[in-house]
Amino acid sequence: MLIAISGCGPSRVVVRERPVAPIYSRPGAPGPNYVWVEGEWIRHRNNYVYRRGYWAHQRYGHMYYIPGKWISDRNGWVWSPGHWR
């Protein structure tokens with residue numbers, strides 16, 4: 001079951017149960033300067049859909065990828081997307 005919560009800011013999607021990510025094989029890296037970006041949940045209307053992980057060209061300047069994660073909410077779970085830092 002999904003609950004959409006809205007207020008003054010942008011609305012967010014809360015799910016009662018965290019969805020389970022599908023199991024799939026990670027393909028080989030396309031080259032030496034690539035890092036694996038874990039799959040994550042993308043908001044699509046009032047739901048989440050899973051986007052598989054992918055290889056991304058390494059970013060320079062000491063940047064690294066922080067994977068997304070589910071955050072507990074009083075009404076269920078909210079996905080916090082991954083990002084480069």
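Nothing here was measured: the structure is a model prediction, and the numbers come from that model.
Less than 6.0 angstrom separates the ring centroid of Trp70 from the ring centroid of Tyr48.
Grouping Ile, Leu, Val, Met, Phe, Trp and Tyr residues whose side-chain heavy atoms lie under 4.5 Å apart, directly or via other members, leaves Val20 alone, with no other cluster members. Here Ile42 is tied into one hydrophobic group with Val49, each link being a pair of ILVMFWY side chains closer than 4.5 Å.
The side-chain contact (heavy atoms from CB on, under 4.5 Å) check on Ile71 picks up Lys69, Ser80, with sequence neighbours excluded. Listed by chain and number, the residues in a ring-ring contact (aromatic ring centres under 6.0 Å, His included) with Tyr54 amount to none (sequence neighbours excluded). For the side-chain contact (heavy atoms from CB on, under 4.5 Å) test, residues two or more places apart in sequence or in another chain that qualify with Arg85 are Tyr64, Ile66, His83.
In terms of hydrophobic clustering, with Ile, Leu, Val, Met, Phe, Trp and Tyr side chains grouped at heavy-atom distances under 4.5 Å, Tyr65 and Tyr50 are assigned to different clusters.
The two atoms that bring Asp73 and Val78 nearest to each other are CB-CG2, 4.0 Å, heavy atoms only.
Annotation: side chain of Arg59 is in contact with side chain of Trp84 (closest heavy-atom distance under 4.5 Å).
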Below 3.5 Å, can you tabulate the donor-acceptor pairs from side chains in residues 34-41 to any protein atom, sequence neighbours excluded?
from	atom 1	to	atom 2	distance (Å)
Glu40	OE1	Gly82	N	2.8
Glu40	OE2	Arg51	NH2	3.1

